[in-house]
Amino acid sequence: MQIPIHLGKEVKNELILQRLKKNFEKYDLIILYELCYISFNKEGAELLFNFIFS
């Protein structure tokens, strides 16, 4: 997924979030298994949180 570098973080995150939602719309259930083994920076963690709870 390519996002122009000149976009701000908020806009970039919103675009990523919209694309994730679109990709996962076809699924009734998404299982997130063993997330504790993946390290996230603050921005990535917030993006994942927004994706899960939106």
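All figures in this text were calculated on a predicted structure; none of them were measured in a lab.
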What's the spacing between Glu25 CD and Leu20 CG if we round to 0.5 Å?
11.5 Å

List in chain and number order the residues that pass ring pair (Phe, Tyr, Trp, His ring centres under 6.0 Å) with Phe24, two or more places apart in sequence or in another chain; answer none if no residue qualifies.
Tyr27, Phe51

So, taking the atom named CD in Glu14 and the one named CG in Asn50, what distance separates them when rounded to the nearest 0.5 Å?
8.5 Å

